[in-house]
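Atoms considered below: every heavy atom in the structure, side chains included; atoms not considered: hydrogens, waters and symmetry mates. First listed ligand is number 1; within each ligand, the first listed atom is number 1. We number each residue from 1, following the sequence as shown.
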Amino acid sequence: MTDLYSEALQRFEQVYTQAREYGISEYNAMSLATVDGQGRPDVRVVLLKDFDAAGFVFYTNCQSAKGEQLQHNPHAALCFFWRQLYLQVRLDGRVEPVSEAEADAYFATRARGSQIGAWASAQSRPLASRGVLEQLMQEYAAKFANRDVPRPPHWSGYRLKPRRIEFWVGLENRLHERTLYSLAAGQWQRGLLNP
Ligand SMILES: Cc1cc2nc3c(=O)[nH]c(=O)nc-3n(C[C@H](O)[C@H](O)[C@H](O)COP(=O)(O)O)c2cc1C
């Protein structure tokens, strides 16, 4: 890890901690942008569950729209905005699945209802009615009664390894401060961008 990459991660940790300590609800919510097989962009909010030098981790249904898009094109972008702090952080890079062991460990920490929900919901697929989903919830609750809910094989996590990290600090007269850390030819660089 180069010094500039560790500097960027430390800076992320600083603002992330600031957002949490400020009491911002869903401070770990981030927009995740992916691209489909036709090159069309798609974006939705997911929760950051872990980050370190290896990358930024979120969990989802791998057969969802985002899961299929990541299979076609493993490049993705993340964007955080903490309004109360007037801070934005953007990242992009290549995404890889987390290990089975890592996904199992995280799944085990989820509330039982969410674990059963992961089995019941064919995320992103059409749903005939809420009743169908409720029925499936009951069926899986019965199936896993009196035992731990195993992680569904189609439910796991992805880790985005950043290639660029931009810190945007909102300032007066729209003269915001933008600092971009980027990886070029294997070297991390740091520079300012016009607002
Ligand atoms: C605050 C918030 C947090 C969310 N967190 C997640 C998450 O961590 N994982 C996930 O799969 N969906 C999460 N969602 C739902 C997604 O935004 C989205 O509806 C779902 O993943 C389906 O997206 P897709 O059809 O593009 O794959 C969250 C939504 C909100 C508003």
Side-chain angles (χ1 to χ4, degrees), residues 12-13 15-52 54-134 136-137 140 149-162 165 168:
F12 180 82
E13 174 137 39
V15 293
Y16 193 64
T17 304
Q18 202 185 342
R20 187 181 63 233
E21 289 178 350
Y22 194 91
I24 296 175
S25 68
E26 313 278 21
Y27 67 93
N28 59 338
M30 55 188 185
S31 298
L32 162 71
T34 50
V35 174
D36 72 13
Q38 283 78 48
R40 297 190 193 99
D42 202 358
V43 66
R44 80 291 287 156
V45 173
V46 294
L47 297 179
L48 178 69
K49 288 298 175 180
D50 193 19
F51 73 92
D52 58 19
F56 289 67
V57 176
F58 58 91
Y59 287 90
T60 192
N61 183 319
C62 304
Q63 294 169 348
S64 64
K66 74 181 90 48
E68 288 179 350
Q69 290 158 3
L70 287 170
Q71 213 169 350
H72 277 289
N73 181 343
H75 299 278
L78 302 172
C79 184
F80 294 86
F81 173 51
W82 299 291
R83 188 178 54 80
Q84 296 87 334
L85 307 174
Y86 217 33
L87 288 175
Q88 174 180 232
V89 179
R90 297 165 61 179
L91 306 101
D92 69 66
R94 207 182 157 87
V95 165
E96 285 184 0
V98 302
S99 70
E100 301 279 305
E102 194 172 349
D104 285 343
Y106 173 67
F107 189 78
T109 69
R110 302 189 92 210
R112 191 173 174 85
S114 305
Q115 292 176 333
I116 294 170
W119 282 96
S121 167
Q123 195 178 55
S124 314
R125 305 282 160 87
L127 176 65
S129 71
R130 295 291 302 177
V132 170
L133 190 57
E134 281 157 22
L136 282 167
M137 281 296 281
Y140 280 111
V149 180
R151 177 175 62 86
H154 57 267
W155 192 99
S156 189
Y158 294 93
R159 173 174 278 111
L160 181 142
K161 177 130 210 216
I165 308 178
W168 179 101

Quiz prompt | Y158 and its ring-ring contact (aromatic ring centres under 6.0 Å, His included) partner, picked from Y59, F58, Y106 | solution = F58

If you have a sec, work out which protein heavy atom is nearest [atom] and how many Å separate them, to one decimal?
atom: atom 12 (N) of ligand 1; result: Q123 NE2, 3.8 Å
atom: atom 6 (C) of ligand 1; result: V46 CA, 3.5 Å
atom: atom 25 (O) of ligand 1; result: S124 OG, 2.6 Å

Within the 4.0 Å heavy-atom shell around [X], which atoms of ligand 1 are there?
X: Y59; result: 7 (C), 8 (O), 9 (N), 10 (C), 11 (O)
X: S64; result: 27 (O)
X: T60; result: 10 (C), 11 (O)
X: A65; result: 24 (P), 25 (O), 26 (O), 27 (O)

Quiz prompt | Nitrogen or oxygen of V45 less than 3.5 angstrom from that of ligand 1 | solution = yes

Quiz item: Can you check whether L47 has an N/O within less than 3.5 Å of an N/O in ligand 1?
Solution: yes

Does the plane of the ring in [X] sit parallel, tilted or perpendicular to the ring in [Y]? Use 30° and 60° as the thresholds.
X: F51; Y: F56; value: parallel
X: F80; Y: Y16; value: perpendicular
X: Y86; Y: W168; value: perpendicular

Practice problem: Pick one of side chain, backbone, both or neither for how K49 approaches ligand 1, counting any non-hydrogen atom pair under 4.0 Å. | Solution: neither

Quiz item: Does a sphere of radius 6.0 Å around CD in E68 hold more than 12 heavy atoms from other residues, nucleotides or ligands, not counting ones at 6.0 Å or beyond?
Solution: yes

Quiz item: Is it the case that more than 12 heavy atoms not belonging to Q88 sit under 6.0 Å from its CD atom?
Solution: yes

Quiz item: Among R44, H72, H75, whose side-chain contact (heavy atoms from CB on, under 4.5 Å) with T34 holds?
Solution: R44

Practice problem: With the side chain counted from C-beta on, respond yes when T60 and V46 share a heavy-atom pair under 4.5 Å apart, and no when they do not. | Solution: no

Self-check item: Best match, K66, R44, M30, R125: closest heavy atom to atom 22 (C) of ligand 1
Solution: K66

